[in-house]
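Below: one structure, written as structure tokens.
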Amino acid sequence: MVDGIVITGAGIVSAIGVGKDETLRSLLARRSGLPGGKVGLSDLQMKTILGIPGEETVARSSLLGILAVKEALQEAGISYTGTAVLVSGTTVGGMDITEEHYLEMLGGEHPELFRFHTCGSSTDRIAAYFGGFGSLTTTSTACSSAANSIIFGANLIRSGRFDVVVAGGSECLTRYHTAGFDSLMILDKEPCRPFDASRAGLNLGEGAGFIVLESSAHASSRGARVLGRLDGWGNACDAFHQTASSPDGEGAFLAMTKALEMAGLRPEDIDYINAHGTGTVNNDESESKAMTRLFGGCVPPVSSTKSFTGHTTSASGGIEAVICLLAMEYGFIPANLGWKEPSEGCIKPESEGRSKVFLQHVLCNSFAFGGNDSSLLISNARDYE
Amino acid sequence: MDMEELILELKNKILEALKLEDMTPEDIDEDAPLFKDGLGLDSIDALELMLLLEKNYGIKLKSPAEGKEIFRSVRTMAGYVAENRVK
Amino acid sequence: MNRKVYIRAAAQISVQEPLCEDWMLDPKQLSGPFLHCIDPDYRQFFSPMQARRMGLMFKRAMVTSRKVLEASGVECPDAIITGTALGCIENTERFLDPLCRGGEETLSPTAFMQSTHNTVGSMVAIALGCHGYNCTYSQDGVSFESTLLDAVLQLECEGAGNVLAGAHDEITDNVARLMEATEPGGYPFSEGSVAMLLSAGESLPDALCEVSDVRILSRREAVEEAVAGYSAEYVMRNDVTFSLFGRCGSASGLAVYAAAEMIAAGRYSSVLVVNESGSNAGLVFLKKV
């Protein structure tokens, strides 16, 4: 088995910026993209940037994904993708196209547009933009999809099957899932306030986040710059309820514990947790419980950057992994916007954020409906001096 | 509509809304708890029951917490509907 | 150490006779625009309270999953991995249709909650109380190959002993018509559920077959070269698969099930299942134990 998986490229698009530079500036300036959560580019603007004909039908999730994958590949210095793998996470897929044309399609008008509906077709379109990948697939575990893409990609490398995998996730806002979360009564019309006593639900957001994973040997043989190491991960199932998280946070606890064990680290080695932190009453309490179980009285600094980006659902694991890489490279802890008052049963997050810190190891949490809970353990490319 | 009629109507609507296809109104005890020990409903069912009140009786609850007392049993639900229905 | 991956048990509910292999002697000839599964009587498997909220696809997934777990003597697998091309399309329509007709006020939270692709995999985990690895793949025609590849990785890299892998897809009238418009002509569209229990070990004489290789190729021109690289006694292609099971997202999963059973019955020593239904191709190479 291959040991040592490194990250050599990262790309990000969300309501707080297109690309890593803009995202970094927003994070440091505490500039939120809420409550709208929308990426500031229209489909047509993205097509123009990408050189895709304006009249071509492309799912918005694909366009967002292409932007992020392109940035990640450029940073990694990879131009040929024919031997690499693309693993994307999405749930919405081409629902933006389906919901716009559904009644027409049923009436016999352009029913072939249905081919854009599937999650798989949205990943196919991302791959096609780059001239195709050697292999590809799509994970769809709702809000932990991107994190699970990264885990699957890492195992493809670990098994020796591939040297390079581009993994992450992409999701655009749709009426469908906005109405869906609304029917569950977990949307807050005000900007979300993760872990705060007054929190009243989540804000949806959209975007994409992808990272380039490589075997350490492959990266060093081609002299690639290493942004960070993927030292551990954990995927566990809460197995409690279709939408609610368990009161003891079992799935979250197991996911974080597995990630630590795999990396051979102790709880006190973790310098920052990028929480799932959606801002719903249930998630934040359950996740806090899981953290307290694992870290005892010494929970490391925690923040939820969903207070900037909104909950980007299937893309969140990718977006937040890239934010963790930025935090490690530039030595800061992102703020947890909107937090004012401690909430019983919740950890106290880093509401103001911190600067001039060195982050050696961080955990990045992504949890989902059905209790599909995953945690990534990302380590700094440099050691503390 | 008297209370007994309303209880039967509610039972039928609950069976339909919660897709309890193989059950009959007689299987639901109107005085037994709907959640946990009784029928064993959960938080999503509570949302479906809120929807049921809105669709059939024009009653709009603000949050699931408000429904806690109302949805204690079919009888408490019927009492609330009788007093607050707008259609 | 020479650990190999084996399929220990497989079960299906499809357009052929469900939950058995008798259909292989005289497979049903498929006709019509689309076909539903032949379903067993689910009342023998679920109480009314259990069955509520469970659409047909969940019932099929639960019944096939339980059957392979029982056949293998496994109570709780170390991982549950699921593939589905269209996901819970019936619930998706139940939510989408009123949404598109302007009925935002009265949308069912249950339909939405159960329309995400991971509903089946997580419901199986909840039913089994299984806290292990859990993932769902949705890559059109190669959703099952993705699932099987992850199962192999879990056994090879993550130390799993037993993995429950499944492929589940359902069809509705509307979706059948829309599918026909996107991929006109050919075998009827269909639906199907298949579950497998995979284990790793040095030798498992009771297993149906060994999983020697799983690959997903996203460049179709590379397929024939890859096929030539395997010395398979029998190459099972889409025309055979679709003539037996119809066209559906879980067809390649059903093909692997059929191939595994044929190897177990001694008909072939090795089978390569070649699946070229969408823009990607799946290759699954099975060998006798």
Side-chain angles (χ1 to χ4, degrees), chain A residues 1 82 86 90-91 93 98-99 102-103 105-106 111-112 114-115 117-121 123-124 127-128 132-142 148 151-152 155-156 158-159 175-177 179-185 235-243 250-251 254 368-372, chain C residues 80 84-87 95-97 99-101 104 107-109 112-119 121-123 125-126 128-143 146 149-150 152-154 156-158 174-175 177-183 215-219 278-280:
Chain A
M1 252 192 324
L86 176 65
T90 192
T91 301
T98 308
E99 69 187 13
Y102 184 66
L103 296 180
M105 288 195 288
L106 290 185
E112 73 284 354
F114 190 66
R115 73 185 160 89
H117 175 78
T118 60
C119 297
S121 72
T123 305
D124 282 340
F133 278 69
S135 184
L136 64 75
T137 192
T138 305
T139 58
S140 195
T141 56
N148 285 326
I151 292 174
F152 177 69
N155 274 327
L156 284 176
R158 200 150 68 120
S159 72
R175 280 177 63 208
Y176 184 93
H177 76 290
F181 281 91
D182 198 25
S183 78
L184 293 168
M185 302 190 83
N235 162 316
C237 191
D238 202 36
F240 174 72
H241 184 267
Q242 205 56 44
T243 51
E250 183 69 6
L254 288 172
F369 277 4
N372 279 153
Chain C
I80 297 173
T84 181
L86 281 170
F95 196 81
L96 181 62
D97 200 88
L99 177 76
C100 291
R101 294 178 200 278
E104 256 111 339
L107 295 169
S108 158
F112 175 70
M113 162 183 92
Q114 298 200 341
S115 73
T116 55
H117 294 68
N118 62 334
T119 309
S122 55
M123 270 182 106
I126 291 168
L128 299 175
C130 182
H131 291 289
Y133 180 90
N134 194 303
C135 198
T136 298
Y137 293 86
S138 184
Q139 185 59 53
D140 293 326
V142 294
S143 302
S146 307
L149 180 54
D150 193 16
V152 170
L153 293 176
Q154 288 300 311
E156 275 181 10
C157 305
E158 298 259 2
N174 285 337
V175 168
R177 278 195 291 135
L178 297 176
M179 295 293 286
E180 181 63 36
T182 57
E183 299 168 44
R215 289 171 68 186
I216 297 162
L217 304 174
S218 81
R219 287 163 57 239
S279 38
N280 304 290

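Chain identifiers are assigned alphabetically (A, B, ...) following the order of the sequence lines, protein sequences preceding nucleic acid strands; residue numbering begins at 1 within each chain.
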As an exercise, state the distance from CG of C/Leu86 to SG of A/Cys119, rounded to the nearest 0.5 Å.
9.0 Å
Determine whether C/Val175 and A/Phe114 satisfy the following criterion, side chain to side chain contact (heavy atoms under 4.5 Å, CB included), listing intermediate values before the conclusion.
CA-CA 9 Å; C/Val175 168; A/Phe114 190 66; 4.2 Å; yes
Working to the nearest 0.5 Å, report the span between CZ of A/Arg175 and CG of C/Leu99.
4.0 Å
Given a strict heavy-atom distance threshold of 4.5 Å, which part of A/Leu86 is in contact with chain C: side chain, backbone, both, or neither?
neither
On a heavy-atom basis, which atom in C/Cys157 and which in A/Arg158 lie closest, and how many Å separate them?
O-NH2, 3.1 Å
What part of C/Leu96 gets within 4.5 angstrom of chain A, counting heavy atoms only: side chain, backbone, both, or neither?
both
Name the member of A/Asn372, A/Thr138, A/Asp182, A/Thr91 that forms the most heavy-atom pairs with chain C at distances under 4.5 Å.
A/Thr138
Taking side chain as everything from C-beta outward and backbone as N, CA, C, O, which of these in A/Phe240 sits under 4.5 Å from a heavy atom of chain C? Side chain, backbone, both or neither.
backbone
Chain A contact via C/Asp150 - side chain, backbone, both or neither, heavy atoms under 4.5 Å
both
Given the options C/Thr116, C/Leu217, C/Asp97, C/Leu128, which has more heavy-atom pairs under 4.5 Å with chain A than any of the others?
C/Asp97
Greatest number of heavy atom pairs closer than 4.5 Å to chain A - which of C/Gly129, C/Gly121, C/Ala181
C/Ala181
Considering all heavy atoms of both residues, which atom of A/Leu103 and which atom of C/Cys100 are nearest to each other, and what is their separation?
CD1-O, 3.5 Å
Return the minimal non-hydrogen interatomic distance between C/Asp140 and A/Gly120, and the atom names on each side.
OD2-C, 3.7 Å
Atom pair CG (C/Leu178) and NE2 (A/His117), whose distance is rounded to the nearest 0.5 Å
9.5 Å
Atom group of A/Leu106 that falls short of 4.5 Å from chain C, counting heavy atoms
both
Separation between CG of A/Asn148 and OH of C/Tyr137, rounded to the nearest 0.5 Å:
7.0 Å
Selection from A/Gly251, A/Ser183, A/Ala368 maximising heavy-atom pairs under 4.5 Å formed with chain C
A/Ser183
Exactly one candidate in A/Thr139, A/Asp124, A/Thr137 meets side chain to side chain donor-acceptor pair (under 3.5 Å) with C/Gln139; the answer is A/Asp124
Contact class of C/Cys130 relative to chain A, heavy atoms under 4.5 angstrom
backbone
Go through the atoms of C/Ser108 and report whether side chain, backbone, both or neither lie under 4.5 Å from a heavy atom of chain A.
backbone
May I ask you to decide whether A/Arg115 forms a salt bridge with C/Glu183, counting only side-chain N to carboxylate O separations under 4.0 Å?
no
Rounded to the nearest 0.5 Å, the CG atom of C/Asn118 sits from the SG atom of A/Cys237 at a distance of 9.0 Å
Main chain of C/Ser138, side chain of A/Ser140: is a donor-acceptor contact present, judged purely on distance under 3.5 Å?
no
Return the option, out of A/Thr118, A/Thr123, A/Asn155, A/Leu184, with the maximum number of heavy-atom pairs under 4.5 Å with chain C.
A/Asn155
Exercise: identify the closest heavy-atom pair between C/Phe112 and A/Phe181:
CE2-N, 3.8 Å
Could you have a look at C/Glu156, C/Met113, C/Glu158, C/Met123 and say which one has the most heavy-atom pairs with chain A under 4.5 angstrom?
C/Glu158
C/Thr84, C/Thr119, C/Val152, C/Val142: which one forms the most heavy-atom pairs within less than 4.5 Å of chain A?
C/Thr119
So C/Arg177 and A/Pro111, do their side chains get closer than 4.5 Å, heavy atoms only?
no
Step by step, work out the side chain to side chain contact (heavy atoms under 4.5 Å, CB included) result for A/Tyr102 and C/Asn174.
CA-CA 10 Å; A/Tyr102 184 66; C/Asn174 285 337; 3.8 Å; yes
Show your working on side chain to side chain contact (heavy atoms under 4.5 Å, CB included) between C/Ser122 and A/Gln242 and close with a plain yes or no.
CA-CA 7 Å; C/Ser122 55; A/Gln242 205 56 44; 3.0 Å; yes
Contact class of A/Thr98 relative to chain C, heavy atoms under 4.5 angstrom
side chain
Just by modelled atom types, is the C/Ile216 backbone N or O under 3.5 Å from a matching donor or acceptor in the A/Ser135 side chain?
yes
Which pair of heavy atoms, one from A/His241 and one from C/Ile126, lies closest together, and at what distance?
C-CD1, 3.6 Å
So which atom in A/Ala179 and which in C/Leu107 form the shortest heavy-atom distance, rounded to 0.1 Å?
CB-CD1, 3.7 Å
Most contacts with chain C, counted as non-hydrogen pairs under 4.5 angstrom, among A/Ala142, A/Gly132, A/Gly371:
A/Ala142
Please identify, among C/Arg215, C/Gln154, C/Glu180, C/His131, the residue contributing the most non-hydrogen atom pairs under 4.5 Å to chain A.
C/His131
Interatomic spacing from CD in A/Glu112 to CE in C/Met179 - rounded to 0.5 Å:
13.5 Å
Sort A/Leu254 into side chain, backbone, both or neither according to what part of it lies under 4.5 angstrom from a heavy atom of chain C.
side chain
Donor-acceptor contact present, side-chain A/Asn235 to main-chain C/Asn134, <3.5 Å
yes
Could you tell me if the side chain of C/Leu153 sits less than 4.5 Å from the side chain of A/Phe152, heavy atoms only?
yes
Find the one option among C/Pro109, C/Gly141, C/Ala85, C/Ser143 whose heavy-atom pairs under 4.5 Å with chain A are most numerous.
C/Pro109
Which answer fits A/His177, side chain, backbone, both or neither, if we ask what part of it has an atom under 4.5 Å from a heavy atom of chain C?
both
Check each atom of A/Ala127 against the heavy atoms of chain C and say whether the ones under 4.5 Å are side chain, backbone, both or neither.
neither
